[in-house]
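Structure, as structure tokens:
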Amino acid sequence: MTEAVSPMRMSQYFLPTLKEDPSEAQIVSHRLMLRAGMIRQSSAGIYSWLPLGLKVLRKVEQIVREEQDAAGCQELLMPTIQPAELWQESGRYDDYGAEMLRIRDRHDRDMLYGPTNEELITEIVRAHIRSYKDLPKLLYHIQWKFRDEVRPRFGVMRGREFLMKDSYSFNLNHEGARAAYNRMFVAYLRTFARMGLKAIPMAADTGPIGGDLSHEFIILAETGESEVFCHRDLLEFDVLDEDVDHAADLQPVVDRWTSLYAATDEKHDEAEAAKLGDALVNARGIEVGHIFYFGTKYSKAMNAAVTGPDGEQVFPEMGSYGIGVSRLVGGLIEAFHDENGIIWPESVAPFGAAVIDLKVGDVDCDAVCDDLYAKLRAAGVDPLYEDRDERAGAKFADMDLIGVPWQIVVGPRGIKNGVVEFKNRASGEREEISAESALARLTG
RNA sequence: CGGGGCGUAGCGCAGUCUGGUAGCGCAUCUGCUUUGGGAGCAGAGGGUCGGCGGUUCGAAUCCGUCCGCCCCGACCA
């Protein structure tokens, strides 16, 4: 027996969906990720990503990457395991506490599974960047982190192991640092907008440095875990409308987004908010990004100086910029779902469309489906072919559950009339159109 | 880390109080019938009842201890 290599056929694809809700999952994204066969818990706060989940994770990651690249940020990759010495240099080895997973290697050397990478990136810059002429630098990587949370919960939204994009900026002076900060600010707006999310930047604690250079990016979702308040107009802003030139001065864009009231419940100022009157929106949100300027904290502590124009030693002004990539997958589901399952925005959907063969084995149905599938594949739509020998109801339920944006339903009834059913997952709208028209809609 | 809860088949659960040789639904496998929104019938497989120790003629059930997971709080990308 020869086995056809067609991984995107449901009959062969590893997609263990569940009809019932696993009892350990409390929030909707966790439940749906388990039910849709996206993840499998390994231990508390640690998950395997099954094929469907990984596809979405990769799509999210890719959008993040593209926007970082567009902002002039250069990708590199640092290890997950770091030596304790670096953290002893910065002083954080003792400060970090039990959240840091400490490991000892066979030589009895103290290591740790990185919860973040300021020390490591500073060490790299220290070693290779000696002159002010080599600055500025904006670097990032997308790597797994580990924080030994006391209480992991909400599935991938608050795991112990998580995938994070973290960028680090190195500039000669504060003005340069602000420019880097602004670039990341705008890149973040664009990143979340491309995923169909409403992300609102909110002022965050600036720590020991002070100033106005720290923002949390909160995406709005009815089931979000924190309460947020903001001016109504912020919901109308669309950064994708704007033609962003990262080389230009982005301060006006940042100003526009930060001029209106926006605060999480912790920083909520009743008096200030009351001035908004009817324009005040009370919503729920999920933090998916955090950008932060911290000056010379690490460059000084770790002696990462460059030689300035006058031969003096200059400590670079630094900032760091995080996006919780794996958390975003959960956040997206919190933002986009209904009682039947996930509703992926097309930009992050695991499949562009599903071809649903309602009567596998029927010569006509199979022929139409085979053809549609092949053409969609050729057109780069990345279709999923639902070719299992299941009842129609089971197929529909699974397709709705995993949230494929478009479904082409091919059944004997429609074929007789020369039509297929073209269904939009988000709206539920269905149309009877020819297979050719359906194809044209998805590829045109 | 404080408080609470739960560990019984892949998933959801009953059985535990009152000890007597493990059960239901879904899923899986076989057969027949069905076939446009999670089908029906018949049959089958699958469990060291979280681990260890104790009490007892006998432990899923009682006692002790350890582990795991979940929830609330404090904390966080």
Side-chain angles (χ1 to χ4, degrees), chain A residues 16-27 30-31 34-35 37 40-46 60 64 96-100 114-118 142-167 188 192 204-205 214-219 225-226 264 266 285-292 320-331 339-341 356-362 365 386 388-401 407-417 419-421 423 428 430 432:
Chain A
T17 59
L18 301 172
K19 201 193 283 191
E20 293 173 275
D21 282 329
S23 64
E24 79 261 24
Q26 200 58 25
I27 61 165
H30 191 195
R31 273 206 310 271
L34 290 169
R35 284 194 54 207
R40 163 88 184 161
Q41 178 166 318
S42 169
S43 58
I46 303 178
V60 170
V64 170
Y96 222 92
E99 274 206 345
M100 180 184 281
T116 177
N117 285 62
E118 279 82 6
I142 299 174
Q143 177 63 288
W144 291 92
K145 306 289 191 292
F146 194 92
R147 293 185 192 171
D148 201 356
E149 296 276 348
V150 191
R151 189 184 159 208
R153 59 186 129 170
F154 307 145
V156 300
M157 297 264 289
R158 179 140 173 223
R160 292 194 291 174
E161 187 184 57
F162 57 96
L163 187 61
M164 182 164 121
K165 185 286 301 176
D166 41 324
S167 311
Y188 275 35
F192 302 128
D205 277 324
S214 178
H215 286 88
E216 292 177 352
F217 285 75
I218 312 275
I219 58 168
E225 58 171 322
S226 52
T264 58
E266 297 133 16
I286 299 161
E287 183 186 349
V288 290
H290 197 158
I291 60 179
F292 204 86
S320 70
Y321 316 88
I323 290 180
V325 176
S326 47
R327 167 180 284 191
L328 259 173
V329 176
E339 63 281 3
N340 295 320
I356 304 174
D357 190 342
L358 283 189
K359 193 164 186 181
V360 176
D362 178 274
C365 283
E386 167 51 293
R388 293 176 306 168
D389 187 18
E390 286 288 342
R391 302 175 68 80
K395 295 184 181 223
F396 295 140
D398 268 342
M399 285 305 112
D400 285 352
L401 174 63
Q407 301 171 10
I408 304 178
V409 182
V410 180
R413 204 171 71 194
I415 290 222
K416 255 184 233 149
N417 305 315
V419 296
V420 297
E421 187 178 286
K423 178 184 163 183
R430 310 176 203 187
E432 303 238 304

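Distance, A:Met399 CE to B:G38 C1': 13 Å, rounded to whole Å. For the pair A:Lys423 NZ and B:G37 P, the interatomic distance rounds to 12 Å; values are reported in whole Å. Per the geometry, CZ belonging to A:Arg388 stands 14 Å off P belonging to B:G38, to the nearest Å. Rounded to whole Å, atom P of B:C24 lies 16 Å from atom CD of A:Glu20. Computed from coordinates, the A:Gln41 CD to B:G10 C1' distance equals 16 Å when rounded to whole Å. In this entry the distance linking CG of A:Leu358 with P of B:U34 reads 18 Å, nearest Å.
Residue A:Arg35 places a side-chain atom within donor-acceptor reach of the base of B:G38, judged by atom type and a 3.5 Å distance cut-off alone. Judged by atom type and distance alone, A:Asp21 does not reach the base of B:G12 through any side-chain donor-acceptor pair under 3.5 Å. A donor N or O paired with an acceptor N or O is not found under 3.5 Å between the base of B:G38 and the side-chain atoms of A:Glu390. One N or O donor and one acceptor, one from the side chain of A:Arg430 and one from the base of B:G37, sit under 3.5 Å apart.
Here the separation of B:U18 from B:G10, taken at their P atoms, is 31 Å to the nearest Å. Atom name P, nucleotides B:U55 and B:A42: the rounded distance is 47 Å, in whole Å.
B:G43 and B:C29 make up a base pair, with Watson-Crick or G-U wobble contacts both under 3.5 Å. B:C69 and B:G5 make up a base pair, with Watson-Crick or G-U wobble contacts both under 3.5 Å. The base-pairing partner of B:A14, taking Watson-Crick or G-U wobble contacts with both distances under 3.5 Å, does not exist among the strands shown. Of the nucleotides present, B:C52 is the one that pairs with B:G64 by Watson-Crick or G-U wobble criteria, both distances under 3.5 Å. Using Watson-Crick or G-U wobble geometry with both donor-acceptor distances under 3.5 Å, B:A22 finds no partner in any strand shown. Nucleotide B:A74 is matched to nothing when pairs are restricted to Watson-Crick or G-U wobble geometry with both distances under 3.5 angstrom. B:G38: no Watson-Crick or G-U partner with both key distances under 3.5 Å is found in any strand.
The closest side-chain donor-acceptor pair between A:Ser320 and A:His290, if any, does not fall under 3.5 angstrom.
Base contact: A:Asp400 has a heavy atom under 4.0 Å from a base atom. Within the nucleic acid shown, A:Ala392 comes within 4.0 Å of sugar-phosphate atoms alone, with no base atom in reach, counting heavy atoms only.
Here the straight-line distance linking atom CZ of A:Phe396 with atom CD1 of A:Ile356 works out to 6.0 Å at 0.5 Å rounding. Taking CZ of A:Arg388 as the start and CG of A:Asp398 as the end, the distance is 4.5 Å to the nearest 0.5 Å.
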- Note on the structure: Counting primed atoms, P, OP1 and OP2 as sugar-phosphate and everything else as base, the B/S/- map of nucleotides 71-77 of chain B against protein heavy atoms under 4.0 Å is BBBBBBB

All N/O donor-acceptor pairs, side-chain side in residues 153-164 of chain A, below 3.5 Å, sequence neighbours left out:
| from | atom 1 | to | atom 2 | distance (Å) |
| --- | --- | --- | --- | --- |
| A:Arg158 | NE | A:Glu149 | OE1 | 3.2 |
| A:Arg158 | NH2 | A:Glu149 | OE1 | 2.8 |
| A:Arg160 | NE | A:Ala44 | O | 2.8 |
| A:Arg160 | NH1 | A:Asp148 | OD1 | 2.9 |
| A:Arg160 | NH2 | A:Ala44 | O | 3.1 |

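Among the nucleotides B:C26, B:G38, B:A39, the one closest to any side-chain atom of A:Arg391 is B:A39. Picking from B:C70, B:A27, B:G25 the nucleotide with the shortest atom distance to the side chain of A:Lys19 gives B:A27.
In this structure A:Lys145 satisfies the salt bridge (charged side-chain N to carboxylate O under 4.0 Å, His left out) test together with A:Asp166, sequence neighbours excluded.
Counting all heavy atoms, side chain and backbone alike, A:Tyr188 lies closest to A:Gly289 at CE2-CA, 4.2 Å.
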